[in-house]
Structure formats: structure tokens, C-alpha cells
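Worksheet: one structure, shown below.
These figures come from a predicted structure and were not determined experimentally. Every heavy atom of this structure was used, including side-chain atoms; hydrogens, water molecules and symmetry mates were not.
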Amino acid sequence: SKQKYEDLIKYLNKYQKALPDQKHQFDFYFGVAYFSLKKFEDALKYFKLSSEKLPGKSEYYMGHLARKQKKLKEAEAHYLKAYELLKDPEVISSLADLYYSDKKLEKAIKYYKKAISFKPKSYIDRYWLANIYFQKRQFKKSEELLKKVLEINPQFRKAYVGLYGI
């Protein structure tokens, strides 16, 4: 909630002077708080400040920030750099989401498959991949993925809706 992030900023302001050796960590959390409050210029400022000591995490959030601002090429560059630094499968999922939202379906397929290979229990990546196959009228692939989604998470209602649509 908005109040939670405003409180976080107050907390960070209060404690950062007591822990000067943690400046980059505080800068990163300021960036997250401002990002969550949709104060994107402030968020970018703090992510840039934190990037010297926390380059991967900062790049990842700068990717989110660029994506929110519809700067898709910039988002892609930040995500690719973040993955290079972090080797975190969540970054691969974010890249897949970016390509999907930009209607680059072949790239999205590639990255969703890669994300699933790293995170076999990821039902959400499978769900979005199933959506792509549905759009491409590859209903059997879509159906198989949606059934697997429900094996992993039987409570995920959107998968039932997807199966009904097939």
C-alpha cells in the first residue's frame, strides 16, 4: 500500500545516517519505495546511486522502471544486463513478460521456456506460455500447459478459464 512505502521512506531517512557503510543498500530500498509510489524519477536516481555496489538488483529494477514508462528497448537492455550479473531466473521471466507485452511472441516463447527450465514449478510462466500458444491457435500445446499449471497449482482459476476457452 502507499502508506507502507511512505513509512519505509521515513524509516530509511531515520536510519541511513546511523549506518553509513550501508548507503548503497539504503539507496536501493529508497529506489524500491519510490518505484512503488510511482515516483519514477526519484526511483531512477536511487537505483543509479545503488548500482555501484548492487549492479544486478539495480539493473533489474531499472528494467521494471523502463517497462512501466513504455521504454521497451531500454527495459530489455536492463533486464539482459541484470541477468548477466545475477543469473536469476526471475529476470528471464521478466524478459519473457516484456516480449509478450510487446507482441514479440517468438522471443516470449523462447524466454518462457527458458524460465520454466530454471523454475519447473513456475505455473505463472506456463500460464503465459499457454496464452501465447492459444493466440497462435496451437490449442493442444496450450491445453497441455494449462493442465500442467493446474497440477502445480490447482487453485489458479485463470487456468480453468483458459481450458474452458479451448
Query raised in the report: Do the charged groups of K147 and E144 touch, with an N to O distance under 4.0 Å?
Result: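 Here K147 does not pair with E144 in a salt bridge, since their nearest N and O are not under 4.0 Å apart.
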Shared hydrophobic cluster for [X] and [Y] (ILVMFWY, side-chain gaps under 4.5 Å):
| X | Y | answer |
| --- | --- | --- |
| L72 | L105 | no |
| Y127 | V161 | no |
| V91 | L85 | no |

**Report entry** Verdict with reasoning, Q22 to K53, per side chain to side chain contact (heavy atoms under 4.5 Å, CB included)
**Finding:** CA-CA 10 Å; Q22 299 294 314; K53 297 283 184 186; over 6 Å; no
Consider only side-chain N and O atoms of [X] and [Y], and report whether a donor and an acceptor are under 3.5 Å apart.
| X | Y | result |
| --- | --- | --- |
| S93 | K119 | yes |
| Y99 | E76 | yes |
| N131 | Q135 | no |

Which atoms form the tightest heavy-atom contact between [X] and [Y], and what is the distance?
| X | Y | value |
| --- | --- | --- |
| F118 | I92 | CE1-CG1, 4.2 Å |
| L65 | F40 | CD1-CD2, 3.1 Å |
| S142 | I166 | OG-CD1, 3.6 Å |
| K87 | E84 | NZ-O, 3.3 Å |
| A75 | G63 | CB-O, 3.4 Å |
| A43 | F35 | CB-N, 3.5 Å |

Quick check: do [X] and [Y] have side-chain heavy atoms less than 4.5 Å from each other?
| X | Y | answer |
| --- | --- | --- |
| E59 | F47 | no |
| V32 | Y46 | no |
| L163 | L150 | yes |
| I109 | K136 | yes |
| L8 | K4 | no |
| Y111 | D97 | no |
| R67 | S101 | yes |
| F30 | I9 | yes |

Taking the six-membered ring for Trp, are the ring centroids of [X] and [Y] within less than 6.0 Å of each other?
| X | Y | value |
| --- | --- | --- |
| Y61 | F28 | yes |
| Y133 | F139 | no |
| Y100 | W128 | yes |

**Report entry** Residue E41 excluded, over 12 heavy atoms near CD under 6.0 Å
**Finding:**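 No, because the 6.0 Å sphere around CD of E41 holds 12 heavy atoms or fewer from other groups.
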Query raised in the report: Does Y160 OH have over 12 foreign heavy atoms under 6.0 Å away?
Result: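 Counting other residues, nucleotides and ligands, OH of Y160 exceeds 12 neighbours.
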Value rounded to 0.5 Å, distance of [atom1] in [X] from [atom2] in [Y]:
| X | Y | atom1 | atom2 | result |
| --- | --- | --- | --- | --- |
| H64 | L98 | NE2 | CG | 11.0 Å |
| R137 | F134 | CZ | CZ | 7.5 Å |
| I132 | K141 | CD1 | NZ | 11.5 Å |
| L95 | Y79 | CG | OH | 7.5 Å |
| F26 | Y11 | CZ | OH | 6.0 Å |
| Q16 | Q25 | CD | CD | 12.5 Å |

Query raised in the report: Got a donor-acceptor contact below 3.5 angstrom from the D102 side chain to the K104 backbone?
Result: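 No: the side chain of D102 does not pair with the backbone of K104.
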Report task. Spell out, as yes or no, whether a donor-acceptor pair under 3.5 Å connects the side chain of R126 to the backbone of P120. Result -> yes
Requested in this report: Evaluate the criterion side chain to side chain contact (heavy atoms under 4.5 Å, CB included) for residue pair Y34 and L44; output intermediate values, then yes/no.
Outcome: CA-CA 9 Å; Y34 284 119; L44 182 59; over 6 Å; no
Query raised in the report: Are S50 and K57 close enough, and set up right, to give a side chain to side chain contact (heavy atoms under 4.5 Å, CB included), and what steps lead you there?
Result: CA-CA 9 Å; S50 71; K57 289 168 62 174; over 6 Å; no
Query raised in the report: Please walk me through it: do M62 and E74 pass side chain to side chain contact (heavy atoms under 4.5 Å, CB included)?
Result: CA-CA 9 Å; M62 286 190 282; E74 191 176 314; over 6 Å; no
